[in-house]
Structure formats: C-alpha cells, structure tokens
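Presented below is the structure to which this report refers.
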Amino acid sequence: MRLDKLLGNNGFGTRKDVKQLVRKGTVSVNGVTEKDPGAHVDPEKDSVDVLGEPVIHQEFVYIMMNKPPGVISATEDKWDQTVIDLLSENEQRFEPFPVGRLDKDTEGLLLITNDGKLTHELLSPKKDIPKTYYAKIDGRVTEEDTLAFSKGVTLEDGFHTKPGILNIILSDSVSEIELTITEGKFHQVKRMFEAVDKKVVYLKRLSMGNLLLDESLPLGHYRELTQQELNEVDPRKKG
C-alpha cells in the first residue's frame, strides 16, 4: 500500500495533506524517515510513525445504516443523494460501498463496507443468505399467498423465485407482513407481490443473515458494527 494512502485511510487528512506531512519529514517507516509519499509499505509488517506516534492501521470499515427513503444505494450519482453521501469524511476515506441494494423508497438495514471478500460472501447466490423484510401491502394477504410464496412465484419476466417464508401480521385492506427470501433480484419483494396481484406500499429490511437492524438507529443514521455483529455476519469466521 502507498504510504500516503495508508495515512489517509487512518485519518491523517486528505491525500494532499498527507503528502505534505510526509515531505516535511514527520513520518518514519521502521525507524527511518520517509519523505516519499508514494513509498510502498506493508501495514501488517512495517512500523509507521507520525511525529513519533505509531499509526494504528485499520484496513476495513463495517457500517450498519438505517437507510432512509429517497436515498439510493450507490457510491455516487449525478441526480440523487446516495447512502455514501450520508457518511462523514471519516468513513468516506475508506471508500466503502453498499452491500447489495435497497430500492430508493425502501428503508431499513443496509451494510456498508470496503471489504470486497465479505461482500462477495453475502451476495453470492450460492450462499442463500436470508433477508427479512417488513412490508405493508395494498390488499388482503391470505394463506393462499403464504402457500404460493413457499413454492416460489413466477415473476412477470418468467423468472421463478426460490421459496420465500411469508408471515402475515395483519390481513386487511392494507395488510402487514414479514417476508424472508434468499435472493436479491431487482425489486424482488415488490415483484413477488405483483405476481399475486398485490402492491407493496411500504418496505423495510429488518435483517440480512444474522445481522439485525438496530431499531434504535433513526432513519439516515449509522454506526460501526460491534465485533460480535461482525463475527455473526461474516461467514468466513464460522466453523
């Protein structure tokens, strides 16, 4: 890793700031002053100090956000505010990205990280990571719908979904449900209900794998995962 990137990732300022810091001779690598911002260092093996203080390297960031409606799950967009825009500069310096997508009008649990391997583990279709949603449905949801979802439903494009677990909380003119699925097709929850002639009017993700939304997080707020949550959500740590 470049020295200036290491320092930038660890809170020592912008790339411009850290370049000036290095060129002033305030940074040492393994006890030797290093004035080349582009010098390559191994964060796991090399000892890096700034003004005599050791740099404690943090490579990855793991953030739980309670995504608000009206914000898109992307790293950047010309027209809309993104979930990355909601993060402080301290988190943005890690260049994180959302794990999967929630629709623009969907709320709830969103994991944001710069750990590509974990992202692959969580999004791989082969892993069947369950995701649970709470939704309000325009129309009376019935046990027939529960049975249909348990067998998978055929979407408008002919794709047949994997089975989903549909729990009815309230069956009325506007029903309330929880749905657990293991896929993440575009607008999947909405399209599954359209397949049984009903419309989702509110959607919120409650969980992803073993990671549960912290309900004390207001919409648009976020926090880093606890170590226990990270252990639960990272399949690589199992077994």
Side-chain angles (χ1 to χ4, degrees), residues 62-74 80-83 86 98-113 119 122-123 125 127-156 159 161-226 228-230 232-233:
Y62 304 92
I63 296 168
M64 175 194 297
M65 177 179 287
N66 187 358
K67 178 193 169 299
V71 178
I72 64 172
S73 301
D80 292 306
Q81 186 179 38
T82 73
V83 293
L86 299 181
V99 178
R101 292 177 179 270
L102 291 180
D103 298 341
K104 184 176 179 179
D105 59 348
T106 299
E107 302 176 5
L109 175 66
L110 185 66
L111 178 61
I112 301 173
T113 184
T119 299
L122 293 175
L123 298 182
K127 301 296 183 180
D128 281 340
I129 301 294
K131 294 168 282 287
T132 298
Y133 298 83
Y134 165 82
K136 293 182 180 179
I137 310 299
D138 183 10
R140 188 178 296 276
V141 179
T142 68
E143 293 300 329
E144 289 183 2
D145 299 322
T146 300
L147 179 60
F149 276 42
S150 72
K151 298 177 180 178
V153 295
T154 302
L155 306 183
E156 81 291 342
F159 177 81
T161 70
K162 291 181 179 179
I165 301 173
L166 175 61
N167 291 319
I168 301 172
I169 300 172
L170 174 67
S171 179
D172 209 330
S173 56
V174 176
S175 298
E176 297 180 36
I177 63 91
E178 284 189 3
L179 174 64
T180 299
I181 58 176
T182 58
E183 295 171 307
K185 299 294 182 183
F186 184 67
H187 293 323
Q188 178 155 344
V189 175
K190 296 174 182 177
R191 293 164 69 200
M192 288 179 74
F193 276 99
E194 289 171 359
V196 292
D197 299 318
K198 295 178 178 68
K199 182 180 180 181
V200 173
V201 294
Y202 173 82
L203 187 60
K204 175 181 180 180
R205 184 156 67 186
L206 303 177
S207 66
M208 183 176 188
N210 293 320
L211 183 63
L212 306 179
L213 175 65
D214 181 347
E215 295 287 357
S216 71
L217 276 178
L219 281 171
H221 288 238
Y222 61 89
R223 64 167 174 80
E224 288 201 41
L225 296 190
T226 65
Q228 180 177 348
E229 287 171 333
L230 181 56
E232 287 290 333
V233 78

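Contact between Leu166 and Thr146 at its shortest, heavy atoms only, is O-CG2, 3.4 Å. Closest of all the heavy-atom pairs between Ile181 and Gly164 is CG2-CA, 4.3 Å. Here the shortest heavy-atom pairing between Asn66 and Pro218 reads CB-O, 3.6 Å. Taking each heavy atom of Leu212 and Ser207 in turn, the nearest pair found is CD2-CB, 3.6 Å. The two atoms that bring Ser150 and Pro163 nearest to each other are O-CB, 3.1 Å, heavy atoms only. For the pair Ile168 and Val141, the tightest heavy-atom approach, listed with the atom from each and the gap, is CD1-O, 3.6 Å.
The 12-atom threshold is exceeded at CG of Leu170, counting heavy atoms of other residues, nucleotides or ligands nearer than 6.0 Å. Heavy atoms from other residues, nucleotides or ligands lying under 6.0 Å from CD of Glu144 number 12 at most. The number of heavy-atom neighbours closer than 6.0 Å to NZ of Lys151, taken from other residues, nucleotides and ligands shown, is 12 or below. Remark: Gln228 CD is loosely packed, at most 12 non-hydrogen atoms of other residues, nucleotides or ligands lying under 6.0 Å away. Within 6.0 Å of CZ on Arg191 lie more than 12 heavy atoms contributed by other residues, nucleotides or ligands.
From Leu203, atom CG reaches atom NZ of Lys190 across 6.5 Å, with rounding to the nearest 0.5 Å. Atoms NZ and CG, from Lys131 and Leu206 in turn, are 13.5 Å apart once rounded to the nearest 0.5 Å. Distance check: Ile169 CD1 to Glu176 CD gives 6.0 Å after rounding to the nearest 0.5 Å. In this structure, Thr132 OG1 and Leu213 CG are separated by 11.5 Å, a value rounded to the nearest 0.5 Å. Remark: Glu224 CD to Tyr62 OH distance equals 10.5 Å, nearest 0.5 Å. Annotation: the span from Lys127 atom NZ to Thr182 atom OG1 amounts to 13.5 Å, rounded to 0.5 Å.
No donor-acceptor distance shorter than 3.5 angstrom exists from the side chain of Ser171 to the backbone of Arg140, with no hydrogens or angles considered. No side-chain donor-acceptor contact under 3.5 Å links Asp172 to the backbone of Val174. Under the 3.5 Å distance criterion, the side-chain polar atoms of Ser175 are left unmatched by any main-chain donor or acceptor of Ile137. Between the side chain of Lys67 and the backbone N or O of Thr106 there is at least one donor-acceptor pair closer than 3.5 Å. Using a distance-only test at 3.5 Å, with no hydrogens or angles considered, a donor-acceptor pair links the side chain of Ser73 to the main chain of Leu102. A donor-acceptor contact shorter than 3.5 Å is absent between the side chain of Arg205 and the backbone of Gly108. Counting only distance, with no hydrogens or angles, the side chain of Asp80 and the backbone of Ile72 share no donor-acceptor pair below 3.5 Å.
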Residue pair Phe193, Ile177: steps toward the side-chain contact (heavy atoms from CB on, under 4.5 Å) verdict: CA-CA 11 Å; Phe193 276 99; Ile177 63 91; 3.8 Å; yes

Audit row: Ile112, Tyr222, side-chain contact (heavy atoms from CB on, under 4.5 Å) steps and yes/no: CA-CA 10 Å; Ile112 301 173; Tyr222 61 89; over 6 Å; no

Stepwise side-chain contact (heavy atoms from CB on, under 4.5 Å) test for Leu109 and Met64: CA-CA 7 Å; Leu109 175 66; Met64 175 194 297; 3.6 Å; yes

Verdict with reasoning, Thr113 to Leu225, per side-chain contact (heavy atoms from CB on, under 4.5 Å): CA-CA 10 Å; Thr113 184; Leu225 296 190; over 6 Å; no

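Taking Glu183 as the reference, Gln188 meet the side chain to side chain donor-acceptor pair (under 3.5 Å) condition, with sequence neighbours excluded. The side chain to side chain donor-acceptor pair (under 3.5 Å) search around Lys199 returns none, not counting sequence neighbours.
Counting heavy atoms from C-beta on, the side chains of Leu123 and Met208 come closer than 4.5 Å. Side-chain atoms of Gln81 and Leu86, non-hydrogen and from C-beta on, do get closer than 4.5 Å to each other. Side-chain contact between Glu229 and Asp214: absent, with no pair of heavy atoms (C-beta onward) separated by less than 4.5 Å. Side-chain contact between Thr161 and Lys185 is absent, with no heavy atoms from C-beta onward closer than 4.5 Å.
Between Tyr202 and Tyr134, the angle of the ring planes goes over 60°, which puts this pair in the perpendicular group of the 30/60° scheme.
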